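Here's the structure, in structure tokens; my notes come after.
Since the model is a prediction, treat every value here as computed from it, not as a measurement. All ligand and atom numbering here is 1-based and tracks the order in the structure. Hydrogens, waters and symmetry mates play no part in the numbers below; they use all other heavy atoms, side chains included.
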Amino acid sequence: MIALGADHGGYELKEAIKKYLDEKGIAYKDFGTFGTESVDYPDYALKVAEAVASHECSEGILVCGTGIGMSIAANKVPGIRAAHAEDVFSAKAAKEHNNANILCLGGRITGPGLAVMMVEEWLNATFQGGRHQRRIDKIAEIEKKYSK
Ligand code: RB5
């Protein structure tokens, strides 16, 4: 189950991603927002990040105007590795190297065709483990050092 979230800047791209997921028969839970009225992206980043961190959902996709605010906010939740990407190579590497459990996209940056390709590559990619696992473990150590 994929957790989806967006602010007003990402709403339309979220809807395009939902269309793709529907076509592929991939299950998702939409945490909003549900229109183009101005909202605050951290509220939706938190909902999706908590759903992923608690394993209610396996992975998440967050969309704001740039994808930047969503990634900054989602990465505050322990266990989240949210990757902001603007190209297919990065989206794929985000899973293969970083085991990113949330993909953050910019609705004002990335068009629906490219975004869907990025989502597809990220969803279908496999974490490569090995030296990448060691590096992710080090990220988790940083998280632990600063959590109360
Ligand atoms: C909202 O105007 C915009 O700041 C937001 O969608 C996002 O781009 C923040 O990073």
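Closest protein heavy atom to atom 5 (C) of ligand 1: D7 OD2, 3.2 Å. In terms of protein heavy-atom proximity, atom 1 (C) of ligand 1 is closest to H8 NE2, 3.6 Å. The closest protein non-hydrogen atom to atom 8 (O) of ligand 1 is T66 N, 3.0 Å. When only non-hydrogen protein atoms are considered, atom 2 (O) of ligand 1 lies nearest to R108 NH1, 3.3 Å. Residue, atom and distance of the protein heavy atom nearest to atom 10 (O) of ligand 1 are G69 N, 2.9 Å. Of all protein heavy atoms, the one lying nearest to atom 9 (C) of ligand 1 is Y41 CE2, 3.5 Å.
Side-chain contact check for T66 versus R108: every heavy-atom pair is 4.5 Å or farther apart. Contact annotation: the side chain of I102 never approaches that of I61 to less than 4.5 Å [non-hydrogen atoms, C-beta and beyond]. Between S58 and V52, the closest side-chain pair of non-hydrogen atoms is not below 4.5 Å.
F31 approaches Y44 most closely through the heavy-atom pair O-CD2, 3.5 Å.
Within a 6.0 Å sphere centred on NZ of K95, other residues, nucleotides and ligands contribute more than 12 heavy atoms.
For ligand 1, the polar-atom distance check against G65 finds a nitrogen or oxygen pair separated by under 3.5 Å. In terms of N/O distances under 3.5 Å, ligand 1 is not approached by G9.
A side-chain N or O of D137 and one of Q133 form a donor-acceptor pair less than 3.5 Å apart.
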